[in-house]
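In what follows, every heavy atom counts, from backbone to side chain, and hydrogens, waters and symmetry copies are set aside. When a ligand or atom number is given, it counts from 1 through the structure's own listing order.
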Amino acid sequence: MRLTKFFLPTLKEEPVDAVVISHKLMIRAGMIRQLTSGVYSYLPLGLIVFKKIQEIIRDEMNKIGGNEFLLPALTPNEMWLQTGRLDDFGDIMFKIKNRDLVLAPTHEEVFTSIAKPNLISYKDLPVMWYQIQTKFRNEARPRSGVLRGRQFTMKDAYSFDVDYKGLDVSYDLQGKAYKNIFSRCGLKFFSVNAFSGAMGGSASEEFMVESEAGEDIVAITEDGSYSSNIEIAVSYKEEVGRKNSDLPYEPFHTPNIKSIDELAEFLKITDKSRLAKSRVFVNPAKDENNKDEYILVLVCGDDEVNETKLQNIFGQNIRPGHPEELAEITGADAGSIGPIGLKNKNVKIIADLRLKGADELISGANKNDYHTNNIDLKRDVRNIEYFDLRVVKSGELTIDKKLKLKISKAIEVGHIFKLGTKYAEALHAYYLDNEGIEHPIVMGSYGIGVERIAASYIEQNHDDKGIIWSGEIAPFKVHLICASASKEEIVKETDRIYNSLLNEKKIEVLYDDRLDVRPGFKFNDADLIGIPIQVIIGEKNFKNGNAEIKIRKTGERILVPLNNLNEKVLELVNEY
Ligand code: ATP
Ligand code: MG
């Protein structure tokens, strides 16, 4: 491709509205432009990259027996009502005003509606169906460029099996295909178990890319042998243990002391583990025949309560008590709550495993401005139960005490999920077994974000000059630069090299053949858009019969005799 014929509006200045690196670089490198919040136009360079990613995905899906579809984005309200998702999605779903249609945020319903009249016998199963298609989601805060768009491209696949054993096989096939896809896209990735008890039942894995631009928080080891979403991450932390002094507990005055830090300072102690943090949660009644359940949660003063872990024990509706409720339930405000002397005697008390059987604890006295010392959970708190309730922190050890954990931000690039029979049942997609008995089809769903892969790649592969492409998703392999455009013989020679690399060697070349642009400008553009191999034809080297090659990733420069250029370029193209 000749740059004089290629629309590549690069920018020197950073766009003011972009925060994350990939967003800034995609705009500056002329890959995308924003049309309106969360909605982007894909310019030629961006589209080339997105299409290469799609081709990798398509290839890996076909390899595991996937059949490609292309289903509509406009979908009838009716099918979303049947699965209850018109409400579940809420504001995330774009609803059409003058028709009973919605713009699909995902396609379980539509694929299941095709399965229903067509997959009617066990002989029709299993199947793996997929599409690469535009999705619409009214994301609340689309502020990271194409990482979180309101219109974006997703590969979504669905497996249909006779039973859960079949689903396990389909799920594993997808998991392996995902690993191939992300490797081929050049991502450093890991997967985390996204299974949460509260979601009900099935396995689910998220594929993550470590990045400051990420919105997920994960706990990982350096070697990748452990990785988990922070929401369910576990670590080893010593129990606080017992001192066995058996002193009686006693309230004492702590004027204006509201936080653990203030309490530690007031008591002049640095180890906060025995300052038990007490928080009250409310588990709302399931119906009018039941009452709200009140739960007091104790963790060490140097820990935080992990609310997802609480949800996994008590269900998704559990929530922190409101200030008025706290006073009503405990007799005090947030900073003075504790396990001893609660106003409401029916509060369930649970504590983190670190506090198991601990004594000499200090916590709120359930009276404003008072705390209680010498609390012995074994002696003083009847029916207490212990769970893992804490948020894992950076630097802690894995449960087997072998490796250090670090807490990082990560981008979710893909998600595989064992759906089970939810959609088949809601939309009546049943098959007949070999005895003529009806069963719901067992489904899995598997999503990957196309643009999110590209943005994640850039997050991981850039420097202060721009993007650093490599491997299969590089938009071009070679960036050929005519650095002496005023010299006719050099232009002619660069033209010849272009034609030779393109037609004889079948290499994808972007040729900066602009005659009216200074070399420095061309070099900056080349570094910004980041094609792996730069071939520079300039007057000085040309006179000595050489071309200069610059490797974008390493910055290394190599002089190569012109008569050997094609071979050298071919060799480097395969390496980078
Ligand atoms: P997130 O938690 O980031 O919103 P999600 O759980 O909603 O993601 P899925 O519904 O599982 O995501 O969608 C499958 C894949 O589609 C995601 O792993 C991600 O790569 C991509 N994706 C989801 N939402 C967006 C978006 N708004 N913009 C770009 N890609 C997206
Ligand atoms: Mg989402």
Side-chain angles (χ1 to χ4, degrees), residues 20 22-23 26 31-32 34-40 42 46 49-50 53-54 56-57 61 73 80 83 85 88-94 103-111 130-158 171 174-175 177-179 181-182 185 187 189-196 199 202-211 213-218 229-231 308 409-419 422-423 443-459:
V20 303
S22 55
H23 187 192
M26 279 187 170
M31 292 176 68
I32 57 167
Q34 181 176 296
L35 183 63
T36 182
S37 183
V39 181
Y40 292 86
Y42 303 156
V49 173
F50 299 149
I53 294 169
Q54 291 184 25
I56 293 171
I57 295 173
M61 285 296 115
W80 301 94
T83 57
R85 293 218 286 183
D88 288 354
F89 271 111
D91 202 37
I92 262 274
M93 200 175 233
F94 282 110
L103 283 170
T106 176
H107 277 76
E108 280 80 1
E109 280 80 353
V110 187
F111 267 104
Y130 78 97
Q131 65 174 344
I132 299 174
Q133 190 246 21
T134 306
K135 296 281 185 276
F136 298 87
R137 292 183 183 183
N138 187 23
E139 300 282 359
R141 285 176 301 276
R143 59 197 157 148
S144 309
V146 295
L147 275 173
R148 185 172 295 287
R150 288 191 169 139
Q151 167 171 347
F152 61 98
T153 319
M154 194 201 287
K155 183 286 298 179
D156 48 326
Y158 305 85
Y171 182 85
Q174 283 285 346
Y178 271 45
K179 287 182 183 137
I181 290 165
F182 298 129
C185 290
L187 294 180
F189 67 95
F190 53 91
S191 66
V192 300
N193 192 344
F195 169 65
S196 121
M199 295 280 289
S202 283
S204 156
E205 241 172 290
E206 287 166 349
F207 289 82
M208 295 285 191
V209 165
E210 194 181 346
S211 163
E215 293 178 28
D216 285 82
I217 314 265
V218 292
N229 202 304
I230 191 81
E231 293 179 344
T308 307
K409 287 188 187 166
I411 300 167
E412 177 202 315
V413 283
H415 191 180
I416 59 176
F417 195 65
K418 290 185 185 173
L419 292 174
K422 171 177 171 181
Y423 295 93
M443 290 172 59
S445 91
Y446 317 93
I448 280 188
V450 172
E451 298 89 340
R452 209 179 264 191
I453 290 181
S456 302
Y457 177 91
I458 295 172
E459 290 292 333

State yes or no: are the ring centers of F182 and F207 separated by less than 6.0 Å?
-> yes

Y42/F50 aromatic ring centres below 6.0 Å = yes

Are any of the heavy atoms in [X] under 4.0 Å away from ligand 1?
{"X": "L147", "result": "yes"}
{"X": "V413", "result": "yes"}
{"X": "R137", "result": "yes"}

Using a heavy-atom cut-off of under 4.0 Å, does the side chain or the backbone of [X] touch ligand 1, or both, or neither?
{"X": "R148", "result": "both"}
{"X": "I453", "result": "neither"}
{"X": "V146", "result": "backbone"}
{"X": "E215", "result": "neither"}

With atoms numbered from 1 as shown, which atoms in ligand 1 lie under 4.0 angstrom from a non-hydrogen atom of G414?
-> 18 (O)

What distance separates T106 OG1 from F111 CZ, expressed to the nearest 0.5 Å?
-> 9.5 Å

Evaluate [X] for polar contact with ligand 1, using N/O atom pairs at a separation under 3.5 Å.
{"X": "G447", "value": "no"}
{"X": "F152", "value": "no"}
{"X": "G149", "value": "yes"}

If you measure from atom 12 (O) of ligand 1 to every heavy atom of H415, E139, E206, E412, which option wins on shortest distance?
-> E412

If you measure from the Lys or Arg side-chain nitrogens to the Asp or Glu carboxylate oxygens, is any gap between K409 and E210 under 4.0 Å?
-> no

Could you tell me whether R148 and E139 have a side-chain N and a carboxylate O separated by less than 4.0 Å?
-> yes

Verify side chain to side chain donor-acceptor pair (under 3.5 Å) between D156 and Q133, making sure each step is shown before the conclusion.
-> CA-CA 8 Å; D156 48 326; Q133 190 246 21; over 6 Å; no

Taking the six-membered ring of F152 as reference, does the NZ or CZ atom of K135 fall below 6.0 Å from its centre and within a 45° cone about the axis?
-> no

Check: Y40/R150 side-chain N/O donor and acceptor closer than 3.5 Å = no

